[in-house]
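Note: hydrogens, waters and symmetry copies are ignored here, and every other heavy atom, side chains too, is used.
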Amino acid sequence: MRPPFPIAIGIGLMLASGQLHAADSHPLQPSAPRTVIVSEAATPPEVRAGLLQSTLIVLPAEEKAANVFAGDTVNWIFDGGHVASRFISVKPKTANTATDIHIVSDHGNEYTLELHEVSNDPDAHFDSKVFINPGDQTAKDRLAQLPVFVPAAELDKAKQEATASKAAQAAELKTEQSKAEQFRSEYPGSLHFDYTWDEKRGKELGLQQIWRDDKFTYLRGQFQETPALYELKDKKGSLINFDFNSGLYTVPKQLEHGYLAIGKQKVEFHRTGGAK
């Protein structure tokens, strides 16, 4: 009963040797890249795949793969990479197998292809790279629109960026609030009430107070009619720019000498120690 084992082994070796010889005499060859048109109404295009060889499926430049579905995930390997892109790699692990692949893009387009392993075909050429073009006008129009699906990796990245942006905004707001609080605490010390004027005439006109800080001059009063504001230089008066709101003049400079006037009413003012 012992002799059959060597025979069986010998036969097995002979068969294996024959398969290797057949494989050596029929090597797989990559074909040049080609383009297939995918339409919902048409039969899915066939893609020729080689045993343990990678075939790259490439979506239109405007799109990325959002989801990929396949019928046979046991005998075929599908790889879309770790970052959402327009590239999908397919590789058969078993000879003479077939499956379909269904791709949903981030623009909402759907592409279906039929995959066939061809190592036993008389023509041993397999597709090295296959470019997909949409054949339906609706699908073409979607390429010019914004994506409707966001891949999970990009969504996580967007969330992280949004969180970082909020943190940066919060830090900036805190800094601005600190600056504002510091300004409010220090600002009163920068106010100078060092102007003099004829208070009787000022009262008749409605003038109540004049002061300045490091950049502006302010005049406040209750005026029946808004007086014109002049700056005096070399005893000559000239109108100057100012903002007026609710009885407050804001002059974008430090005035040394000036006056307010309504018709014949006039009140001059000057800064103590300034030019007179």
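Applying the 6.0 Å contact sphere to CD of Gln145 captures more than 12 heavy atoms from other residues, nucleotides or ligands. Atom NZ of Lys93 is surrounded by more than 12 heavy atoms from other residues, nucleotides or ligands within 6.0 Å. The environment of CD in Glu46 is crowded: more than 12 heavy-atom neighbours from other residues, nucleotides or ligands sit within 6.0 Å.
Between Arg271 and Glu256 a salt bridge is recorded (basic side-chain N to carboxylate O distance below 4.0 Å).
Taking NE2 of His270 as the start and CD1 of Ile210 as the end, the distance is 10.5 Å to the nearest 0.5 Å. To the nearest 0.5 angstrom, Arg220 atom CZ is 5.0 Å from Trp211 atom CH2. The CD atom of Glu110 sits 8.0 Å away from atom CZ of Arg142, with the distance rounded to the nearest 0.5 Å. Note that the NZ atom of Lys64 and the OG atom of Ser105 stand 12.0 Å from one another [nearest 0.5 Å]. Separating the CG atom in Leu191 from the CZ atom in Arg212 is a distance of 10.0 Å, to the nearest 0.5 Å. Going from atom CD of Gln169 over to atom CD of Glu172 covers 7.5 Å, rounded to the nearest 0.5 Å.
The backbone N or O of Leu219 sits nowhere less than 3.5 Å from a side-chain atom of Tyr195 that would complete a donor-acceptor pair. With hydrogens and angles disregarded, a donor-acceptor distance shorter than 3.5 Å links the side chain of Asp72 to the backbone of Val74. Between the side chain of Thr217 and the backbone N or O of Leu255, at least one donor-acceptor pair lies under 3.5 Å. Without hydrogens or angle criteria, Glu63 side chain to Asp106 main chain gives no donor-acceptor distance under 3.5 Å. Between the side chain of Ser165 and the backbone N or O of Glu161, no donor-acceptor pair lies under 3.5 Å. Remark: the backbone N or O of Ala70 is not paired with any side-chain donor or acceptor of His102 at under 3.5 angstrom. With hydrogens and angles disregarded, a donor-acceptor distance shorter than 3.5 Å links the side chain of Glu117 to the backbone of Leu51. Within the 3.5 Å criterion, the main-chain N or O of Glu114 finds no donor-acceptor partner in the side chain of His116. Checking side-chain atoms of Thr99 against main-chain N and O of Leu115 turns up no donor-acceptor pair under 3.5 Å.
Taking the side chain as every heavy atom from C-beta outward, Ile101 and Phe78 approach each other to under 4.5 Å. Here the side chains of Leu113 and Pro44 are not in contact, with every heavy-atom distance at 4.5 Å or above. Using a 4.5 Å heavy-atom threshold, the side chains of Asp214 and His192 count as touching. When side chains are defined from C-beta on, Glu62 does not count as touching Arg86, because their heavy atoms never get closer than 4.5 Å.
In the hydrophobic cluster analysis, where Ile, Leu, Val, Met, Phe, Trp and Tyr join through side-chain heavy atoms closer than 4.5 angstrom, Leu232 is grouped together with Leu239. Grouping the Ile, Leu, Val, Met, Phe, Trp and Tyr side chains by contacts below 4.5 angstrom, directly or via other members, places Val36 apart from Val58. Residues Val118 and Leu52 share a hydrophobic cluster, clusters being chains of Ile/Leu/Val/Met/Phe/Trp/Tyr side chains in contact below 4.5 Å. A chain of hydrophobic side-chain contacts below 4.5 Å, direct or via other Ile, Leu, Val, Met, Phe, Trp or Tyr residues, connects Val38 to Val68. Both Ile88 and Val47 belong to a common hydrophobic cluster when Ile, Leu, Val, Met, Phe, Trp and Tyr are linked at side-chain heavy-atom distances under 4.5 angstrom.
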Go through it in stages, so that I can follow the logic: the residues are Asn109 and Leu59, the test is side chain to side chain contact (heavy atoms under 4.5 Å, CB included), and I'd like the CA-CA distance, side-chain angles, deciding distance and then a yes or no. CA-CA 10 Å; Asn109 285 332; Leu59 297 183; over 6 Å; no
For Leu229 and Val251, run side chain to side chain contact (heavy atoms under 4.5 Å, CB included): C-alpha distance rounded to whole Å, both residues' side-chain angles, the deciding distance at 0.1 Å, then the answer. CA-CA 10 Å; Leu229 176 60; Val251 183; 3.5 Å; yes
Apply the test side chain to side chain contact (heavy atoms under 4.5 Å, CB included) to residues Leu248 and Thr250: give CA-CA distance (whole Å), side-chain angles for both, the deciding distance (0.1 Å), then the verdict. CA-CA 6 Å; Leu248 176 67; Thr250 302; 4.1 Å; yes
Could you go through Phe244 and Phe223, starting from their C-alpha distance and side-chain angles, then the distance that decides it, and tell me whether this counts as side chain to side chain contact (heavy atoms under 4.5 Å, CB included)? CA-CA 12 Å; Phe244 182 81; Phe223 308 104; 4.3 Å; yes
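Closest of all the heavy-atom pairs between Trp197 and Gly202 is CD1-CA, 4.3 Å. Considering all non-hydrogen atoms of both residues, Pro227 and Tyr249 come closest at O-OH, 2.6 Å.
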Anything under 3.5 Å between a donor and an acceptor, one on a side chain of residues 261-269, the other on a protein residue two or more places apart or in another chain? List them.
from, atom 1, to, atom 2, distance (Å)
Glu268, OE1, His257, NE2, 3.3

With a 3.5 Å cut-off and sequence neighbours excluded, list the donor-acceptor pairs that the side chains of residues 124-137 form with protein atoms.
from, atom 1, to, atom 2, distance (Å)
His125, ND1, Asp123, OD1, 2.8
Asp127, OD1, Arg34, NE, 2.8
Asp127, OD2, Arg34, NE, 3.4
Asp127, OD2, Arg34, NH2, 3.0
Asp127, OD2, Arg48, N, 2.8
Ser128, OG, Ser31, O, 2.7
Asp136, OD1, Ser39, OG, 2.7
Asp136, OD2, Glu40, N, 3.0
Gln137, NE2, Asp141, OD1, 2.9

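When hydrophobic side chains of Ile, Leu, Val, Met, Phe, Trp and Tyr are connected at separations under 4.5 Å, Leu146 ends up as a singleton with no cluster partners.
Using modelled atom types, one finds no donor on one side chain facing an acceptor on the other under 3.5 Å when comparing Ser89 with Asp79.
For an aromatic pair to be called close, the ring centres must be under 6.0 Å apart, and Tyr218 with Phe242 fails this.
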